[in-house]
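Ligands are counted one by one from 1 in listed order, and the atoms in each one are counted from 1 as well.
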Amino acid sequence: MTSSNVFAIGPFNPEERAALQETFAPVFLSGPDEIAAQEGRDAVSAVAYKGHAPFGAAQMDLLPGLGIVANYGVGYDAIDVAAADARGIKVTNTPDVLSDDVADLAVAMLIMQGRQMIQASDWARSGNWAAKGEYPLNRKISGGRAGILGLGRIGREIADRLAAFKMDIHYFARSEKDTPGWTYHSDPVSLAGAVDYLIVALVGGPDTANIVSAEVLAALGPRGILVNISRGSCVDEEALIAALQSGGLAGAGLDVFLNEPNIDPRFYDLPNVVIQPHQGSGTVETRAAMAKLQRDNIAAHLTGAPLLTPVN
Ligand code: 8YV
């Protein structure tokens with residue numbers, strides 16, 4: 001199937017570009033700000049979207065024939081779904097295929113932070129191991145109390161992994177789930193107060209903005225470790241930095257930030273933070289599966305077949 005009526009917008013890698021080219025022969029744009037200058041935009045019926053730049057009413061109105069925005073990613077907070085609904089535009093995302101990788105990274109950051117793996121590696125590399133002896137003792141992670149903020153697909157994968165680390169699992173979600181043995185909390189402060197480790201696995205967007213507030217961080221406390229693999233917007237970043245600087249929180253493992261990739265430089269000076277460059281889904285296997293699901297959704301739309309993973 002080829003159609004020049006497809007725009008592929010965002011930082012697609014060479015493999016993704018080649019597959020999109022072979023399937024749809026799209027016009028490639030590096031970002032939504034390039035739409036306005038495109039001749040032929042009136043004929044565009046599908047957008048393959050990648051990245052976190054906002055795609056809302058203004059962009060949709062430049063594409064009067066648009067029928068689908070297929071997002072590369074499970075989180076679609078960059079796309080204004082209400083504006084899409086109002087224009088009869090379908091939105092799809094890429095759930096499930098990335099859940100394992102994101103959950104793996106969440107657990108890895110928790111252990112890296114708790115066991116001080118970066119500092120311990122530096123200790124060995126710098127010669128301190130030989131010169132000064134064994135690395136100072138750190139902290140046991142298995143058997144602790146873990147709180148999952150948002151028990152969706154990714155949150156469940158994280159909880160399952162941490163349960164295998166013999167942890168006591170607590171969670172916050174919109175409603176109580178059928179998860180025998182796990183403890184439900186109806187508000188994030190109560191959850192944070194009950195656990196040692198708080199893992200943020202919420203969706204992004206206005207409804208979850210700053211859910212991890214100063215109050216939540218205070219409830220998590222000086223022995224608490226915060227892990228975030230969802231969106232920077234879920235955390236009050238000022239309050240987080242203050243807690244990390246003051247010892248109000250033991251540490252954090254963060255894959256997502258406000259204003260990424262230009263993150264707040266104060267994070268670079270904090271030794272108690274494991275920083276990852278939003279790479280939760282960033283494996284060869286998973287990114288190929290995400291890209292394929294995105295293409296399959298567009299192909300379904302163009303052939304009138306049911307969408308595989310519709311959002312609206
Ligand atoms: C990004 C993500 O999509 O799936 C999500 O919601 O945040 C990531 O997988 C990916 O970084 C490409 O922008």
Can you pull out the closest protein heavy atom to [atom]? Residue, atom name and distance to 0.1 Å, please.
| atom | answer |
| --- | --- |
| atom 2 (C) of ligand 1 | H278 NE2, 3.6 Å |
| atom 3 (O) of ligand 1 | Y72 O, 3.1 Å |
| atom 13 (O) of ligand 1 | H52 NE2, 3.2 Å |

Atom indices of ligand 1 within 4.0 angstrom of [X] heavy atoms, with elements:
| X | value |
| --- | --- |
| M290 | 9 (O) |
| L98 | 4 (O), 9 (O) |
| R231 | 2 (C), 5 (C), 6 (O), 7 (O) |
| R287 | 10 (C), 11 (O) |
| G73 | 3 (O), 4 (O), 5 (C) |

Ignoring hydrogens, just give me the one of V97, V74, N71 whose non-hydrogen atom is nearest atom 5 (C) of ligand 1.
V74

May I ask you to decide whether [X] forms a salt bridge with [Y], counting only side-chain N to carboxylate O separations under 4.0 Å?
| X | Y | answer |
| --- | --- | --- |
| R231 | E260 | no |
| K292 | D296 | yes |
| K50 | E16 | yes |

Between H170 and H185, how do the two ring planes meet: parallel, tilted or perpendicular, split at 30° and 60°?
tilted

Can you tell me if R145 has over 12 outside heavy atoms packed within less than 6.0 Å of its CZ?
yes

Verify the neighbour count for atom OH of Y76: are there more than 12 heavy atoms of other residues, nucleotides or ligands below 6.0 Å?
no

For ligand 1 and S281, I'd like to know whether there is a polar contact (N/O to N/O, distance under 3.5 Å).
yes

Looking at ligand 1, would Q279 count as a contact under a 4.0 Å heavy-atom criterion?
no

Taking the side chain as everything from C-beta on, heavy atoms only, tell me whether F165 gets closer than 4.5 Å to V107.
yes

Regarding R295 and the six-membered ring of F24, is the cationic atom NZ or CZ under 6.0 Å from the ring centre and inside 45° of its axis?
no

